[in-house]
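Note that the numbering runs from 1 along the sequence shown for the chain.
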Amino acid sequence: MTTTKSACLLLVFVSLSLPAQDMASGNRRAQPRRPLPPGKVAPVVDFRDVAAASGVTSVNISANPRKKNYIVEVTGNGVALVDIDQDGLLDLLFLNAGEGEDSKPRAQNLYRNLGGMRFEDITAKSGIPDLEWAQGVCAGDFDDDGRVDLLITQWGSNTLLRNTGGAFADESAARLPRVTGKRWSTGCAFFDYDRDGDLDLAIANYVRFDPKTTAKPTDKKHCEWKSMPVVCGPRPLPGESMTLLRNDGGKFVDVSQASGIAGAKEYYGFTVLTGDYDNDGWTDLYVACDSTPSLIFRNLGNGKFEELGIASGAALNEDGREQAGMGATAGDYNNDGRLDIFKTNFTDDTVSLYRNTGNFTFTEATVQAGLAIHTKFLGWGAAFVDVDHDGWRDLFYVNGHVYPEVDAAGIGEAYRQARVLFWNRGDGQFHDMSAQAGPGIAVDKHASRGLAVGDLDNDGTVELVAVNMHEVPSVLKNHAKPLGSSMLVEAPTASGRAAIGARIVVTPAVGKPQTEEVRSGGFHISQGDFRAHFGTGVATEASLAIVWPDGTRQELGTVQTNRWITVRQGKGIVRSQPFAR
């Protein structure tokens, strides 16, 4: 490991000597678009932005919309889809950052789901404090009382919010380790890494940033990108290590050093993505990193982790170069029972698809899968999602530049960018159907950042919710009729909290087995629906099995599709509810 890491760091040091201070380093030419083979027909998809009609109207704040001085102003904010009041409907939390060096704390916008795709702004009575530089958010019931709690990461100090029953109390000081000075945290995830029955916390950290010592674009010694003066970073700012906090009776203890998580130093960490990537029953960690190799920590099952990013094949592109990773999502796109990883990157590069080949190894399959056709986008939040319910997970991601100045620079770049939807053909390849995916994807352009996915109206289809810099969020709903049936599977523990880390396997009567995990965090520093969504094609029945976080396997037998099914650990199916259509 030491030799491999040293070789990779040599690549980083060489790229640091380049004159441009950008977030990208793994540049790759776009591949030609592949036509669909005879007999393959892409589905009809019609995503439309219904945010305004739904009552979601708050405008994102992250410094000056026209001119950025520091990198903390450009990375954007996350979104969370969580049922805060236990009424069976996903509520929405949108994060905001500050407005300059001397920024005042800003409200974080919380919307209560009223049903029927209608939302009410309850920010004023949410109990969520105003924050200066909120970044990411993840959810999990850390005190095991059946109510979902939140962690909001920041440049400064992170905020732990305990759910008191539809509102929140800030318990950061009492439950989180004390941090001296300001630290910039980005992505996070609750997970039970030691399988002791309570939820621990993994946190990604980005750069060591101090505006007093960081140059502005207007300074004499400014940073440049394509000959433009731009915000400095992440290079040449010092990188960071990652954080692991162990839950000790509701209070968190920093075990970053003891666990080995902090052993990986000088990385620019963004999105934390949990998953059992080697199918050994222990949850591992992937961290999408910006301008340094991405990290993947294998859970050894004894309280320790081993960083295997380069050795596993999931840290670099196929040319052996580090990339500017932003968002990440995990899903079994080829239905072989192993979780694959998809990552978004900077402009002048393609996205990355890492196919899981077993034994904690990955093969970069971006070109092979037909995904390497775009290099003009700067990608952020990403999601595996079955939009047509055919039993194969498609790919969706949002884009947006970091430099508002590009619109007037005459270099062929745009600040607001379109979204991308790749349809999974079911043969290991994807087809870009963005132009035929409805106005919310084909027409609308934004500088998007955070993304989360969930079924907001419990009708069996998922909505796509994105944070747009300096604009109202997007709530994308598919108005086309899905081609197949679907299932939502909810897996709470005996106490009622989401069994984060549980592995759910659905095998339709017609089709291949599908695997998904209950996950906290991911996408791009955001939180999605804890319920696992499965497209089941023409099948009206499917078999259902769950491997719980403690390793026990529960077979539920045959269930009907087109239903929201809740399986409580130790009790079996406690809900089988037809979708609200």
Side-chain angles (χ1 to χ4, degrees), residues 78 80 82-86 91 93 108 110 126-129 131 134-154 156-180 183 185 187-205 242-259 261-262 272 274 282-283 285 299 301-305 490-502 518-521 527 530 548-551 568-570:
V82 290
D83 182 3
I84 64 167
D85 51 5
Q86 299 174 289
D91 309 299
L93 173 65
Q108 312 303 304
L110 181 64
S126 68
I128 300 175
L131 303 171
Q135 295 287 285
V137 59
C138 56
D141 180 9
F142 73 85
D143 55 354
D144 211 24
D145 65 353
R147 297 189 290 259
V148 63
D149 310 302
L150 301 171
L151 181 79
I152 297 178
T153 62
Q154 299 179 83
S157 58
N158 299 326
T159 300
L160 183 67
L161 300 172
R162 184 175 63 85
N163 191 331
T164 59
F168 294 92
D170 183 355
E171 300 196 356
S172 312
R175 297 181 185 268
L176 293 180
R178 185 175 180 180
V179 177
T180 302
R183 194 176 191 186
S185 298
C188 63
F190 287 90
F191 74 128
D192 185 5
Y193 83 93
D194 50 5
R195 294 196 347 190
D196 66 350
D198 54 21
L199 293 178
D200 314 297
L201 265 171
I203 301 172
N205 301 297
M242 308 307 129
T243 299
L244 180 65
L245 303 180
R246 180 172 56 81
N247 190 336
D248 186 8
K251 187 173 182 178
F252 290 90
V253 178
D254 193 332
V255 293
S256 308
Q257 293 290 345
S259 65
I261 291 290
V272 175
T274 63
W282 296 87
T283 303
L285 291 174
N299 190 334
N302 58 0
K304 296 185 180 298
F305 290 80
E490 183 179 24
T493 65
S495 65
R497 69 168 171 84
I500 294 170
V518 181
R519 184 173 291 111
S520 173
Q527 174 67 53
F530 282 132
W548 297 96
D550 62 7
R568 188 179 290 264
Q569 186 174 12

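- Remark: Asp144 pairs with Arg497 by the salt bridge (Lys or Arg N to Asp or Glu O under 4.0 Å) rule, at least two apart or across chains.
- The shortest non-hydrogen separation linking Arg195 to Asp550 is NH2-O, 3.5 Å.
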Please determine whether side-chain contact (heavy atoms from CB on, under 4.5 Å) holds for the pair Leu151 and Val137, giving the CA-CA distance in whole Å, both sets of side-chain angles, and the decisive distance to 0.1 Å. CA-CA 6 Å; Leu151 181 79; Val137 59; over 6 Å; no

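- Distance alone, capped at 3.5 Å, is enough to place a donor-acceptor pair between the Arg568 side chain and the Ala494 backbone.
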Do Asp192 and Asp200 pass the side-chain contact (heavy atoms from CB on, under 4.5 Å) test, and can you show the C-alpha distance, the side-chain angles, and the key distance before you say yes or no? CA-CA 5 Å; Asp192 185 5; Asp200 314 297; 3.7 Å; yes

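- For the 3.5 Å distance criterion, the side chains of Thr243 and Arg183 qualify, holding a donor opposite an acceptor.
- Between Lys251 and Val253, every side-chain heavy-atom pair lies at or beyond the 4.5 Å cut-off.
- Here the CD1 atom belonging to Ile84 is positioned 11.5 Å from the CZ atom belonging to Arg147, to the nearest 0.5 angstrom.
- For Asp141 against Gly146, the heavy-atom pair with the smallest separation is OD2-N, 2.7 Å.
- Side-chain contact check for Leu161 versus Ile152: some heavy-atom pair is nearer than 4.5 Å.
- Scanning both residues, Leu160 and Ser172, for their nearest heavy atoms gives N-OG, 2.8 Å.
- Counting heavy atoms from C-beta on, the side chains of Asn163 and Asp145 never come closer than 4.5 Å.
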Assess whether side-chain contact (heavy atoms from CB on, under 4.5 Å) is satisfied between Leu244 and Leu201, documenting all intermediate values. CA-CA 6 Å; Leu244 180 65; Leu201 265 171; over 6 Å; no

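- Nearest heavy atom pair, residue Ala189 against residue Cys138, reads N-SG, 3.5 Å.
- Under a 3.5 Å cut-off, the side chain of Gln154 and the backbone N or O of Ser157 do form a donor-acceptor pair.
- Counting only distance, with no hydrogens or angles, the side chain of Thr153 and the backbone of Gly187 share no donor-acceptor pair below 3.5 Å.
- Here the side chains of Pro129 and Leu131 are in contact, with some heavy-atom distance below 4.5 Å.
- Defined by atom type and a distance below 3.5 Å, a donor-acceptor pair is missing between the side-chain atoms of Gln135 and Ser185.
- Here the straight-line distance linking atom CD of Glu171 with atom CZ of Phe252 works out to 11.0 Å at 0.5 Å rounding.
- Taking 4.5 Å as the limit, some side-chain heavy atom of Asn299 sits within range of a side-chain heavy atom of Tyr193.
- A donor-acceptor pair is defined here as one N or O able to donate and one able to accept, closer than 3.5 Å; no such pair exists between the side chain of Ser259 and the backbone of Phe305.
- Taking the six-membered ring where tryptophan is involved, the planes of Phe142 and Phe190 are essentially parallel, since the angle between them stays under 30° and well short of 60°.
- The ring-ring contact (aromatic ring centres under 6.0 Å, His included) check on Phe168 picks up nothing, with sequence neighbours excluded.
- The heavy-atom pair separating Gly501 from Pro549 by the smallest distance is C-CG, 4.2 Å.
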Applying side-chain contact (heavy atoms from CB on, under 4.5 Å), run through Ile261 and Leu285 and close with a yes or a no. CA-CA 10 Å; Ile261 291 290; Leu285 291 174; 4.0 Å; yes

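- Looking at Arg519 and Ile500, their side chains never come closer than 4.5 Å, going by heavy atoms from C-beta outward.
- Here the straight-line distance linking atom CD1 of Ile203 with atom OG of Ser256 works out to 8.0 Å at 0.5 Å rounding.
- Atoms OG1 and CZ, on Thr164 and Arg162 in that order, are 6.5 Å from each other to the nearest 0.5 Å.
- Between Thr159 and Leu150 there is no side-chain heavy-atom pair separated by less than 4.5 Å.
- Listed here is the closest heavy atom pair of Gln108 and Ala134: OE1-CB, 3.5 Å.
- Looking at heavy atoms from C-beta onward, Asn247 lies out of side-chain contact with Asp143 at the 4.5 angstrom threshold.
- A distance-only check finds no donor-acceptor pair linking the side chain of Asp194 to the backbone of Gly303 [under 3.5 Å].
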